> 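Structure below; questions to follow.
It should be emphasised that the depicted structure is a prediction, and the values quoted were computed from it without experimental measurement. The sequence lines fix the lettering, A, B, ..., with proteins before strands; numbering per chain opens at 1. Side chains are part of it too, since the values below use all heavy atoms of this structure and drop only hydrogens, waters and symmetry mates.
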Amino acid sequence: MDQQGQNGLMKTYRQGYRSRGAMGYVAAIGLLAFYLILYFQDKLGVTWFDDIAAAMGLENRWYLYGFLYCVGMVFGGAYYLRHHGNSRYNRIRIAVNITVQVLLGFSLPFVMHLFGERDFYFSYIWPLKIEYLYPSDISQFPIYIIAYSALASLLAMPVLAYFFGKRWYCSWVCGCGGLANTFGDPWRHLTSTSTRSWKFEQVSVHSVMFLAVLTTAAVGLDFAIGNQYPTFHAFAGELRSWYGLVVGAILAGVVGVGFYPLFGPRVWCRNFCPMAAMLGLIQKLGRYRIRVKDDMCISCGNCTTYCEMGIDVRSYAQQNQSFTRASCVGCGMCAHVCPRGVLKLENTWSLNRDKHRQGLNVLDV
Amino acid sequence: MNIVIIGNGVAGVEAALTVRKREPDWNVTIISEESDHFFSRTALMWVVCGQMKHEDIEPYERDLYARLRFQRVRARAVGVDVTNKQVALSGEAAISYDRLLIACGSRPRPGPWPGSDLPGIGHFVTLQDLEWLEAELHGGPSVSRPPRPEEHLPRSSDDSPYRVRKTVLGERGGSAQAPAVVGGGLIGIEAVEVMVAAGLRPKFFIREEWFWPMAIEPREAKWITDRMASHGVEVLLEHDLKEFQGNGRVERIVTNQGEYPADLAVVAIGVVPNTSWLAQSSIELDARGGIVVDDQLTTSDPSVFAAGDCAAVGWFDGSRRPQQLWYTSRDQGRVAGRRLLGDTAEYRRGLWYNSAKLMDIEYTTAGLVNMNVEGEHNWFFEEQGRVRSTTRIVTRGAGTDKDPVIGFNLLGRRWDHAVLLQWIEERRALRWVLKNLRRASFDTEFVPPLSIPSSALAATEGANALEGPAPNPYIKGPTAYPYS
């Protein structure tokens with residue numbers, strides 16, 4: 001049956017592992033340790049994950065990680081569907097996301113590898129997977145993959161975001177978003193909704209986006225003329241490996257997932273992901289919005305509490321203000337938990353002028 | 001200018017915000033016995049079960065009062081002296097005002113039955129009720145409490161709705177195991193839901209023949225009652241309470257149909273204006289305790305205004321009584337704010353509308369659906385496919401599909417009440433409304449739209465003939481329509 005809205009009350013804050021209780025800290029420490037060892041095993045002088053992968057007949061630890069990732073997504077998806085699967089939007093969205101990740105994010109690269117090809121993750125595009133526009137990297141792939149990467153990153157990404165908002169990627173396709181909405185769903189209410197956290201997000205996420213563009217440009221320029229300028233060549237190499245370490249490993253991996261049980265599942269997406277920042281800017285100019293029904297909000301705060309991106313949805317709803325926020329990934333949970341059916345995700349056919357494009361502050365006096 | 005506001009609820013805070021927007025330098029003082037922070041009273045149920053924590057139901061960040069320089073006084077107001085323009089406080093010096101807003105809200109209607117004051121019996125309206133119920137059901141709050149919960153204790157009194165109730169955890173030997181709710185309305189079903197969420201099987205005592213007769217009719221109520229039963233609720237209809245019994249705490253509930261064990265009872269039989277403290281002042285109250293105000297929310301004293309649940313405001317049908325709704329209180333607060341600023345501003349509510357969620361069933365209503373007046377007809381459709389819903393459209397006239405629509409009562413789907421209200425004002429005929437109903441849909445994406453078979457659309461003949469008014473002995477509303 002298709003129901004709208006949440007089915008039954010949630011006991012979120014009465015479950016210790018979901019409310020920063022002792023089990024929450026244990027889970028966070030476990031996840032942090034897992035990702036630290038995964039990314040930095042060489043520096044730590046251990047080979048545990050490679051050993052397990054070898055025992056399972058996998059070539060290296062990254063295939064093992066892909067396998068564990070899929071397991072986490074499937075079990076997390078079951079958790080998500082058990083709690084929110086009464087809504088058709090939630091069912092379709094999470095099914096598509098899991099399918100995309102299990103097929104394109106794990107199985108296909110694995111099969112490509114078996115056939116002796118370089119593995120390519122079709123579900124990741126620049127600037128999230130920044131290497132996919134590095135000329136030095138992408139040029140080693142067959143021409144159809146080069147074309148796919150360029151078209152997906154430079155054409156499909158902005159066009160789809162204009163018409164459907166950033167949710168087409170962040171909530172339907174992306175691997176980071178997929179893990180956040182399945183395995184990470186028990187902790188979605190832990191994202192901070194304070195104004196301070198919003199200010200931090202605005203600065204940090206756009207800084208990383210700027211860095212991503214700068215790094216891509218430097219690496220591209222280096223590919224073209226680097227052999228004539230050894231200083232620049234060294235700088236570009238430095239920048240590239242620094243970006244890979246800080247953004248790719250520490251922020252996306254260790255911080256992004258390790259802090260799920262303490263700061264919510266979208267720490268990476270909200271504060272650091274260059275792709276999310278870029279999609280967000282397009283979304284603000286585009287046709288996606290959250291529509292607010294007039295004068296029906298009771299300010300209960302379920303929407304704000306369960307927003308995984310820390311948007312104070314209530315501040316708009318109680319002012320009758322339909323809105324588009326750059327950070328909104330369109331997971332639909334605000335509308336799902338609203339007890340009065342006040343909110344609705346939609347792509348409008350015409351650009352609506354009444355759509356509020358700024359944040360609402362209580363009073364600036 | 002000294003503005004004093006009694007009440008830290010939605011009407012009071014909206015009024016304070018309205019004043020501050022225009023007058024950065026005026027003194028604004030907010031007096032509250034209940035809470036340091038403005039919170040959403042409609043959201044208490046989600047805090048009890050643990051879906052939200054205390055901070056989550058506060059619509060503004062906690063620095064609001066400091067940032068906007070609202071002075072807060074945590075005290076109980078005990079009287080207003082309009083001659084000297086002072087508000088008397090319990091145990092503290094009186095506060096002087098130039099303009100005063102009374103927005104002190106409602107208090108739960110106490111049970112009229114013997115034993116209603118036994119420990120283990122309470123209400124579900126105030127922040128202190130919330131803390132009491134959290135303790136009785138779960139042993140305490142989930143992860144946070146409102147700040148300074150003990151602050152108001154010395155200033156409270158035994159008859160205050162904000163007093164902290166003693167729990168009977170010790171006498172009972174733990175949290176409640178056999179809870180009961182008395183009163184088949186919205187607060188009643190909320191209390192039932194939090195008990196279900198706590199893993200209990202509550203008894204739900206309802207005096208009437210069906211649940212919530214003020215708003216819904218028997219066919220609609222049956223679906224909700226069945227849903228409650230499927231969650232383990234024992235719904236006891238037509239049970240008139242006689243007495244609460246017990247030795248030092250509630251142990252049994254006696255009704256006209258028998259005796260039932262209960263170790264916790266929430267009495268939810270409505271709210272009344274919280275105005276008994278004004279009895280000695282010269283501010284005029286109506287027979288039901290509502291503060292008499294004109295359309296500009298002015299009380300009998302020209303520098304005192306009233307808004308929210310305590311004010312007897314004008315209704316669409318011409319009567320004057322409190323309107324105990326969140327969004328009407330918010331609107332009244334905004335009008336009262338302009339009155340405090342010295343503006344001319346009127347509070348007028350248009351047609352009735354409301355929404356609710358009953359267990360997991362969404363409910364929207366617009367216009368007049370329960371007038372029970374001769375000449376009223378019901379078009380009713382029950383959808384039983386992938387989506388379950390009921391659609392009841394009320395018309396007025398000869399009983400054909402050319403009659404104008406005057407009300408909608410809708411369960412199971414989401415609707416934009418603004419569109420429905422517009423159709424009522426435009427006097428759209430039933431035939432036109434049925435054809436265009438999808439335009440008022442507010443369903444979530446991918447939900448299959450409501451599709452009405454053509455047999456049900458031909459609404460005036462044979463088996464689909466429009467029905468007369470549903471017999472509803474509980475509605476004592478006007479006997480004629482307020483508009484022609």
> Between CG of A:Asn302 and CH2 of B:Trp46, what distance do you get to the nearest 0.5 Å?
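Nearest 0.5 Å value for the CG-CH2 distance: 5.5 Å.
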> Once rounded to the nearest 0.5 Å, what's the spacing between atom CD of B:Glu445 and atom OG of A:Ser87?
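Taking CD in B:Glu445 and OG in A:Ser87, the distance rounds to 9.5 Å.
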> Where is the tightest heavy-atom contact between B:Ile57 and A:Arg314, given as atom of each residue plus distance?
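Residues B:Ile57 and A:Arg314, closest heavy atoms: C-NH1, 3.7 Å.
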> So what's closer than 4.5 Å to chain A heavy atoms on B:Met359: side chain, backbone, both or neither?
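Interface part for B:Met359: neither.
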> Just wondering, more than 12 heavy atoms not from B:Arg62 lying within 6.0 Å of its CZ?
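Atom CZ in B:Arg62 is crowded, with more than 12 foreign heavy atoms closer than 6.0 Å.
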> For A:Phe164, does the CZ atom have more than 12 heavy-atom neighbours from other residues, nucleotides or ligands under 6.0 Å away?
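Atom CZ in A:Phe164 is not packed in, count stays at 12 or less.
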> If you measure from OG on B:Ser144 to OH on A:Tyr13, what distance do you get to the nearest 0.5 Å?
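Between B:Ser144 OG and A:Tyr13 OH, I get 8.0 Å after rounding to 0.5 Å.
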> Indicate yes or no for a side-chain donor-acceptor contact from B:Gln51 to the backbone of A:Met10 under 3.5 Å, with no hydrogens or angles considered.
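Yes, because the side chain of B:Gln51 sits within donor-acceptor range (under 3.5 Å) of the backbone of A:Met10.
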> To the nearest 0.5 Å, what is the distance between CE on B:Met52 and SG on A:Cys300?
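Rounded to the nearest 0.5 Å, the CE-SG separation comes to 4.5 Å.
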> My understanding is that only residues two or more places apart in sequence, or in another chain, count here; which of them pass ring pair (Phe, Tyr, Trp, His ring centres under 6.0 Å) with B:Phe442?
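Checked B:Phe442 against ring pair (Phe, Tyr, Trp, His ring centres under 6.0 Å); zero matches.
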> Checking B:Tyr353 against chain A: side chain, backbone, both or neither under 4.5 Å from a heavy atom?
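Side chain of B:Tyr353 only, per the 4.5 Å heavy-atom cut-off to chain A.
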> Closest heavy-atom contact between A:Gly5 and B:Lys357?
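Smallest interatomic distance, heavy atoms only, reads C-NZ, 3.7 Å.
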> Given that the side chain runs from C-beta out, which part of A:Arg20 has a heavy atom under 4.5 Å from chain B: side chain, backbone, both or neither?
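When you check distances to chain B, no heavy atom of A:Arg20 falls under 4.5 Å.
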> Considering only heavy atoms and a distance below 4.5 Å, find which of B:Val48, B:Val47, B:Asp63 pairs most often with chain A.
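Ranked by heavy-atom pairs under 4.5 Å with chain A, first place is B:Val48.
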> Under 4.5 Å heavy-atom distance to chain A, tell me which part of B:Glu193 shows up: side chain, backbone, both or neither.
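Both parts, backbone and side chain.
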> Relative to chain A, which segment of B:Val194 carries a heavy atom at a distance below 4.5 Å: side chain, backbone, both, or neither?
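Interface part for B:Val194: both.
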> How long is the straight-line distance from OH of A:Tyr306 back to CG of B:Asp56, given to the nearest 0.5 Å?
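So the gap between those two atoms works out to 8.0 Å.
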> Answer with side chain, backbone, both or neither: which region of A:Arg340 has an atom nearer than 4.5 Å to a non-hydrogen atom of chain B?
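Both backbone and side chain.
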> Quick one, A:Gln6 with B:Asp360, criterion side-chain hydrogen bond (donor to acceptor under 3.5 Å, both in side chains). Give me CA distance, side-chain angles, the key distance, then yes/no.
CA-CA 7 Å; A:Gln6 186 198 328; B:Asp360 47 0; over 6 Å; no
> Counting only heavy atoms closer than 4.5 Å, note whether B:Asn354 contacts chain A via side chain, backbone, both or neither.
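Its backbone and side chain both get close to chain A.
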> Would you check if B:Arg414 and A:Leu343 make a side-chain contact, meaning some heavy-atom pair closer than 4.5 Å?
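Not in contact.
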> Under 4.5 Å from any heavy atom of chain B, what part of A:Leu345 do you find: side chain, backbone, both or neither?
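Contact with chain B: backbone and side chain both.
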> Can you tell which part of A:Gln15 gets under 4.5 Å to a heavy atom of chain B, answering side chain, backbone, both or neither?
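Neither part.
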> Identify which of B:Glu55, B:His231, B:Glu362 forms the greatest number of heavy-atom pairs closer than 4.5 Å to chain A.
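Looking at each option in turn, the highest pair count goes to B:Glu362.
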> Measure the spacing between NZ of A:Lys344 and CG of B:Asp416 and express it to the nearest 0.5 Å.
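The CG atom of B:Asp416 is 10.0 Å from NZ of A:Lys344, to the nearest 0.5 Å.
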> Do the non-hydrogen side-chain atoms of A:Cys297 and B:Tyr327 ever get within less than 4.5 Å of each other?
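Result no, sub-4.5 Å side-chain heavy-atom pair not found.
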> Could you label the plane-to-plane angle of the B:Phe446 and A:Trp172 rings as parallel, tilted or perpendicular, counting under 30° as parallel and over 60° as perpendicular?
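B:Phe446 and A:Trp172: perpendicular rings.
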> In terms of heavy-atom proximity below 4.5 Å to chain A, should B:Arg334 be classed as side chain, backbone, both, or neither?
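Interface part for B:Arg334: side chain.
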> If I measure from the heavy atoms of chain A, does B:Arg41 come under 4.5 Å with its side chain, its backbone, both, or neither?
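Neither part, no heavy atoms under 4.5 Å.
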> Checking heavy atoms, do the side chain of A:Thr304, its backbone, both or neither come under 4.5 Å from chain B?
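The answer is neither part of A:Thr304.
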> Regarding A:Asp295 and B:Arg330, does a basic nitrogen lie under 4.0 Å from an acidic carboxylate oxygen?
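Judged by the 4.0 Å cut-off on N to carboxylate O distance, A:Asp295 and B:Arg330 do form a salt bridge.
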> Hey, does the side chain of A:Arg88 reach the backbone of B:Thr444 with a donor-acceptor pair shorter than 3.5 angstrom?
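A pair under 3.5 Å: no.
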> Please identify, among A:Ser19, A:Gly21, A:Gly301, A:Gly341, the residue contributing the most non-hydrogen atom pairs under 4.5 Å to chain B.
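Maximum pair count with chain B is reached by A:Gly341.
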> Side chain of B:Ser142, backbone of A:Arg14: donor and acceptor closer than 3.5 Å?
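No, because the side chain of B:Ser142 does not come within donor-acceptor range (under 3.5 Å) of the backbone of A:Arg14.
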> Just by modelled atom types, is the B:Ala198 backbone N or O under 3.5 Å from a matching donor or acceptor in the A:Lys11 side chain?
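Not at all, since once roles are kept as given, no pair shorter than 3.5 Å links the two residues.
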> Is the backbone N or O of A:Asp294 less than 3.5 Å from a side-chain atom of B:His417, with the two atoms forming a donor-acceptor pair by type?
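Pair found, side chain donor or acceptor close to backbone of A:Asp294.
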> Which heavy-atom pair separates B:Pro59 from A:Asp312 by the least distance, and what is that distance?
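Nearest pair, atom of B:Pro59 first, then A:Asp312: O-OD2, 4.5 Å.
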